[in-house]
Amino acid sequence: MGEFLAAVTGRGLVALEIGSDRPFMLNALRARLPQADLIESPSELRDVVSEIVRVIDDPARQSQFHVPLDLRGTPYEIQVWSMLRSIPAGETTSYGTLAARMGTSDAREITKAIAANPIAVLVPCHRVIKTDGSISGYRWGVARKRELLAREQRGRPFELS
DNA sequence: GAATTGTCACCAG
DNA sequence: CTGGTGACAATTC
């Protein structure tokens, strides 16, 4: 899937990026949290990383605990991200459906909020696809979105029409 | 699948 | 204000 970059604050996980260029990802992180003093400490992230690995490796199995998330965004974005977290593994929704649940008819408002999601996988924005069922875009590459969905579908292959 | 059209918040100029 | 632009949607071939 590529390299993962996880970052936590005192409140919880604040970023989870996927990519291939470590220095570039670090720069992006610094750009997003200019005030932050970055400390590399793999040992302190051990629990977080193990949960991420578990969610990716075996999405069907419910994860044993939840890493607290330090969601930073507009209230609207945070509300959208919370909805995403209620989508179970193996299921998908469309932008339009979420829009309706938020009371707007414009799927693009939702799209923007979702696209701003800083926490890959644990905020499952990859479970949102187009109304016709086709895979839409993904900040971290459509190929990764497809891979994540394929892994989640694998756990429940008989629900595919 | 691909192409076309409708549509609208957002942003740069 | 104008024009370009989307992690969209509905329709059509």
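Since we're looking at a predicted model, the values are computed, not measured. First the proteins, then the strands, lettered A, B, ... as listed; each starts at 1.
- OP1 or OP2 of B:dC10 has at least one side-chain nitrogen or oxygen of A:Lys112 nearer than 4.0 Å.
- Both distances falling under 3.5 Å, in either a Watson-Crick or a G-U wobble arrangement, occur for no nucleotide opposite B:dT7.
- The same ILVMFWY cluster, assembled from side-chain heavy atoms under 4.5 Å apart, contains both A:Phe65 and A:Val49.
- Between the C1' atom of C:dC8 and the CG atom of A:Asp106 lies a distance of 8 Å, rounded to the nearest Å.
- Checked by distance alone, A:Tyr95 brings a side-chain donor or acceptor within 3.5 Å of a matching partner on the base of C:dA7.
- Using a 4.0 Å cut-off between a side-chain N of Lys or Arg and a carboxylate O of Asp or Glu, A:Lys112 and A:Glu77 do not qualify as a salt bridge.
- Going from atom CD1 of A:Ile110 over to atom P of B:dA9 covers 14 Å, rounded to whole Å.
- A:Lys130 places its NZ atom 11 Å from the P atom of B:dA2, with the value rounded to the nearest Å.
- Screening A:Thr111, A:Val128, A:Thr104 for a side chain to side chain contact (heavy atoms under 4.5 Å, CB included) involving A:Leu98 leaves a single residue, A:Val128.
- In this structure, A:Ile114 places its CD1 atom 17 Å from P of C:dG6, rounding to the nearest Å.
- Here A:Glu17 pairs with A:Arg139 in a salt bridge; the nearest charged N to carboxylate O distance falls below 4.0 Å.
- In this structure, CZ of A:Arg108 is placed 13 Å from P of B:dG6, rounded to the nearest angstrom.
- Atom OH in A:Tyr138 sits about 18 Å away from atom C1' in C:dG6, given to the nearest Å.
- Of the side-chain N and O atoms in A:Thr111, none sit less than 4.0 angstrom from OP1 or OP2 of C:dG6.
- Computed from coordinates, the A:Asp132 CG to B:dT5 P distance equals 19 Å when rounded to whole Å.
- Checked by atom type, the side-chain pair A:Ser136/A:Tyr95 shows a donor-acceptor distance below 3.5 Å.
- Across all strands shown, C:dA7 forms no Watson-Crick or G-U wobble pair with both key distances under 3.5 Å.
- Rounded to an integer number of Å, the gap from CD1 of A:Ile135 to C1' of C:dC8 is 15 Å.
- Summary of the strand contacts: A:Arg146 and A:Glu109 both lie near DNA chain B, and taking for each the nucleotide with the nearest heavy atom, the more 5' one is attributed to A:Arg146.
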